[in-house]
K.L.:
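Here it is, the structure in full.
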Amino acid sequence: MSSLQLQHIEKTYDNKVKAVHDFNLDVKDGELIVLVGPSGCGKSTTLRMVAGLEDISSGKLIIDGKDVTQMPPKDRDIAMVFQNYALYGHMTVYENMAFSMMLRKENKNVIHQKVLAAAEILDLTSQLNKKPSQLSGGQRQRVAMGRTIVRTPKVFLFDEPLSNLDAKLRSATRREILLLHKRLNATIIYVTHDQIEALTLADRIVCMSMGHVQQIGTPLELYDKPANLFVASFIGLPPMNLFDVEIRDGKAVCRDFTIDLDEEEKKTLAAYTGKTVTMGVRPENVVPGGQIGVKVFTNENLGYNTLVNGNVGNHKITCKFRGWCTYKEGEEVKVSFTKKHFFDKETTNAIRQ
């Protein structure tokens with residue numbers, strides 16, 4: 001496989017709209033990078049620039065030390081798996097997987113061996129004589145993946161490949177992509193708006209918003225140490241609870257509650273004494289027992305966990321409690337916060353020591 005560098009990549013369209021701003025990323029050999037963010041954030045545009053399907057307005061794209069910025073797609077040795085599979089309906093699975101090699105007029109025996117090897121990896125051996133219309137959505141996506149595997153490209157690109165699948169198939173195909181990555185040691189750039197895919201698949205995540213990179217890091221880094229309010233709100237399900245609090249005398253004072261800060265939090269927030277900051281608490285860091293009263297309005301029982309939705313005064317809050325809870329509407333539950341995040345009100349950046 002190969003390494004990849006995106007150096008100050010930008011995309012500006014003819015109408016002067018800038019879709020991607022100063023994108024910088026070094027992808028290591030064999031690394032699985034996930035670009036995640038809401039619709040319109042620039043992640044698919046970035047992927048298409050890597051593929052050569054969109055011109056790069058400025059910056060450089062380097063693959064294995066070679067500048068390929070102006071190189072046509074066919075010469076970049078990159079394979080792309082699309083959201084809609086892009087299979088030929090009149091061809092069999094075998095023919096779909098072999099098609100690109102047939103165009104290049106490769107040896108028939110080599111083609112046959114590569115198709116059979118890819119089919120075995122993807123559990124498609126028994127489907128090779130079928131047409132795409134005879135396959136499930138998950139099988140079609142595996143065929144699309146197989147078509148890229150046989151080419152043994154330098155870089156695999158995945159553009160929201162699971163978005164057309166139902167929840168069960170998404171989970172199964174996600175596991176197959178992970179196994180494929182480990183088996184091939186493939187360099188992969190994967191685009192999705194689904195944070196679950198990002199957290200479960202990625203070696204590193206690139207979180208984007210409005211064409212800007214907000215944070216690059218491991219899934220745990222983005223989850224546990226979000227760089228700003230956008231990342232904190234976007235990564236994590238359910239989203240982080242947010243409160244405006246004033247830092248006063250070693251306490252975080254909200255209109256509806258007051259909590260004591262620990263010694264580390266006091267040091268971190270020393271410069272914000274007398275100022276208002278945004279405090280974030282993930283639902284799983286809200287635990288039963290404490291001084292903060294939550295007035296319950298719904299329970300969402302998920303088996304091992306229960307999402308308890310309610311209000312702290314005028315603030316909405318979601319709690320993720322262990323076990324099966326049966327709180328009634330209007331019941332008050334006392335809670336405390338086991339971990340808190342703080343963000344500057346003006347910059348929205350995380351406040352750290």
Side-chain angles (χ1 to χ4, degrees), residues 38 195-196 199 207 209 214-215 222-353:
Q195 57 164 296
I196 300 301
L199 290 169
C207 187
S209 173
Q214 300 296 316
Q215 187 173 357
L222 268 72
Y223 181 81
D224 206 39
K225 296 181 179 179
N228 55 42
L229 266 177
F230 175 82
V231 178
S233 301
F234 189 81
I235 299 294
L237 194 68
M240 184 179 284
N241 299 296
L242 300 174
F243 308 91
D244 284 345
V245 297
E246 184 183 341
I247 305 305
R248 188 194 308 163
D249 299 325
K251 302 177 186 295
V253 181
C254 180
R255 182 173 58 183
D256 299 303
F257 60 83
T258 297
I259 57 175
D260 293 322
L261 300 174
D262 62 31
E263 292 305 315
E264 185 176 339
E265 290 167 342
K266 288 177 184 177
K267 290 178 184 177
T268 301
L269 295 165
Y272 288 84
T273 300
K275 297 180 181 179
T276 298
V277 301
T278 300
M279 182 178 75
V281 183
R282 294 205 179 277
E284 52 271 36
N285 295 135
V286 183
V287 297
Q291 302 299 316
I292 303 169
V294 176
K295 189 174 182 181
V296 176
F297 56 82
T298 61
N299 279 328
E300 297 178 60
N301 295 106
L302 305 176
Y304 183 69
N305 295 306
T306 302
L307 298 183
V308 178
N309 301 294
N311 286 324
V312 178
N314 292 319
H315 290 87
K316 289 184 178 179
I317 188 171
T318 298
C319 319
K320 190 174 184 179
F321 293 158
R322 289 187 178 183
W324 189 280
C325 300
T326 56
Y327 298 117
K328 304 232 177 352
E329 182 179 356
E331 187 174 348
E332 185 174 85
V333 181
K334 295 292 187 179
V335 302
S336 58
F337 302 149
T338 58
K339 181 170 183 178
K340 303 174 285 293
H341 303 263
F342 296 93
F343 304 90
D344 187 287
K345 285 286 290 180
E346 292 183 9
T347 67
T348 77
N349 291 332
I351 301 171
R352 308 201 199 283
Q353 276 189 280

K.L.:
Using modelled atom types and a 3.5 Å cut-off, is there a donor and acceptor pairing between side-chain atoms of Ser233 and backbone atoms of Phe230?
P.N.:
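Between the backbone of Phe230 and the side chain of Ser233 there is no qualifying donor-acceptor contact (under 3.5 Å).
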K.L.:
NZ/Lys251 to CD/Glu265 distance, rounded to the nearest 0.5 angstrom?
P.N.:
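It comes to 12.5 Å.
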K.L.:
Drop me the distance from Leu307's CG to Leu302's CG, to the nearest 0.5 angstrom.
P.N.:
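If we round to the nearest 0.5 Å, Leu307:CG and Leu302:CG are 4.5 Å apart.
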K.L.:
Walk me through it: do Val287 and Val335 pass the test side chain to side chain contact (heavy atoms under 4.5 Å, CB included)?
P.N.:
CA-CA 5 Å; Val287 297; Val335 302; over 6 Å; no
K.L.:
Of all the heavy-atom pairs spanning Asn305 and Arg322, show the shortest one and how long it is.
P.N.:
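In terms of heavy atoms, the two residues are closest at OD1-CA, 3.7 Å.
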K.L.:
Atom CD1 in Ile292, atom CD1 in Ile259: separation rounded to 0.5 Å?
P.N.:
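With rounding to 0.5 Å, CD1 (Ile292) is 5.5 Å from CD1 (Ile259).
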K.L.:
Step through the shown structure and confirm whether more than 12 heavy atoms of other residues, nucleotides or ligands are within 6.0 Å of CD on Gln291.
P.N.:
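Open: at most 12 neighbouring heavy atoms sit under 6.0 Å from CD of Gln291.
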K.L.:
Taking all atoms of both residues into account, what is the closest heavy-atom pair of Arg282 and Ala232, and its distance?
P.N.:
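Taking every non-hydrogen atom into account, NH1-O, 3.6 Å.
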K.L.:
Determine whether more than 12 heavy atoms belonging to other residues, nucleotides or ligands lie under 6.0 Å from atom CG of Asp256.
P.N.:
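Atom CG in Asp256 is packed in, count exceeds 12.
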K.L.:
Mind checking what makes ring-ring contact (aromatic ring centres under 6.0 Å, His included) contact with Phe257, not counting sequence neighbours?
P.N.:
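Applying ring-ring contact (aromatic ring centres under 6.0 Å, His included) to Phe257 gives Phe243, Phe337.
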K.L.:
Given Thr278 and Phe342, is the side chain to side chain contact (heavy atoms under 4.5 Å, CB included) satisfied, shown in steps?
P.N.:
CA-CA 6 Å; Thr278 300; Phe342 296 93; over 6 Å; no
K.L.:
Calculate, to the nearest 0.5 Å, the distance between atoms NZ and NZ belonging to Lys275 and Lys345 respectively.
P.N.:
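Between atom NZ of Lys275 and atom NZ of Lys345 there are 14.0 Å.
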K.L.:
State, to 0.1 Å, how close Gly310 and Val294 come at their nearest heavy-atom pair, and which atoms those are.
P.N.:
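Taking every non-hydrogen atom into account, CA-CG1, 4.1 Å.
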K.L.:
Evaluate whether atom NZ of Lys334 has more than 12 neighbouring non-hydrogen atoms of other residues, nucleotides or ligands under 6.0 angstrom away.
P.N.:
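Result for NZ/Lys334: enclosed.
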K.L.:
Once you round to the nearest 0.5 Å, how far does CG of Asn349 lie from CZ of Arg352?
P.N.:
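That separation rounds to 9.0 Å.
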K.L.:
Side-chain contact test, heavy atoms from C-beta onward, threshold under 4.5 Å: evaluate it for Leu242 versus Leu229 and give yes or no.
P.N.:
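Of all side-chain heavy-atom pairs linking Leu229 with Leu242, at least one is under 4.5 Å.
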K.L.:
Please tell me if the side chains of Met240 and Ile235 come closer than 4.5 Å, counting only heavy atoms from C-beta onward.
P.N.:
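Side chain of Met240 against side chain of Ile235, heavy atoms only: no contact under 4.5 Å found.
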K.L.:
When you look at NZ of Lys266, are more than 12 heavy atoms from neighbouring residues, nucleotides or ligands closer to it than 6.0 Å?
P.N.:
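It does: Lys266 NZ has more than 12 such atoms within range.
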K.L.:
Please find the pair of heavy atoms, one from Thr326 and one from Asn299, that lie closest to each other, and give the distance.
P.N.:
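Scanning both residues completely, I find the closest heavy atoms to be C-ND2, 3.4 Å.
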K.L.:
Could you state the interatomic distance from SG (Cys319) to CG (Asn285), rounded to the nearest 0.5 Å?
P.N.:
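Between Cys319 SG and Asn285 CG, I get 11.0 Å after rounding to 0.5 Å.
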K.L.:
Classify the side-chain pair Thr306/Asn301 by whether it contains a donor and acceptor separated by less than 3.5 Å.
P.N.:
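Side chains of Thr306 and Asn301: pair found under 3.5 Å.
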K.L.:
Does NZ belonging to Lys340 count more than 12 external heavy atoms closer than 6.0 Å?
P.N.:
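Yes, the 6.0 Å shell around NZ holds more than 12 heavy atoms from other groups.
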K.L.:
Determine the minimum heavy-atom distance between Ala350 and Pro226, stating which atoms define it.
P.N.:
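Minimum heavy-atom contact is CB-O, 3.4 Å.
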K.L.:
Which atom names give the shortest non-hydrogen contact between Gln214 and Ala227, and what distance separates them?
P.N.:
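Nearest heavy atoms, Gln214 then Ala227: O-CB, 4.0 Å.
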K.L.:
So, do Lys267 and Glu264 sit near enough that their side-chain heavy atoms are less than 4.5 Å apart?
P.N.:
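No, side chains not in contact.
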K.L.:
Under 3.5 Å, is there a donor-acceptor pair linking the side chains of Thr298 and Asn309?
P.N.:
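Yes, Asn309 and Thr298 have a side-chain donor paired with an acceptor closer than 3.5 Å.
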K.L.:
Counting distance only, does the side-chain N/O of Asn311 pair as donor-acceptor with the main-chain N or O of Lys295 below 3.5 Å?
P.N.:
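Here the side-chain-to-backbone pair does not exist.
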K.L.:
Salt bridge (charged side-chain N to carboxylate O under 4.0 Å, His left out), that's the test. Do Asp244 and Arg255 meet it? Break it down for me.
P.N.:
CA-CA 9 Å; Asp244 284 345; Arg255 182 173 58 183; over 6 Å; no
K.L.:
Between Asp344 (side chain) and Thr347 (backbone), is there a donor-acceptor pair under 3.5 Å?
P.N.:
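Side chain of Asp344 to backbone of Thr347, a donor-acceptor pair under 3.5 Å: yes, one is there.
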K.L.:
Taking side chain as C-beta onward, heavy atoms only, is Val245 less than 4.5 Å from Thr276?
P.N.:
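Side-chain contact under 4.5 Å: no.
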K.L.:
So, do Phe343 and Val277 sit near enough that their side-chain heavy atoms are less than 4.5 Å apart?
P.N.:
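Side-chain contact under 4.5 Å: no.
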K.L.:
Examine distances only and state if a side-chain atom of Glu300 and a backbone atom of Val308 form a donor-acceptor pair shorter than 3.5 Å.
P.N.:
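Such a contact is absent between Glu300 side chain and Val308 backbone.
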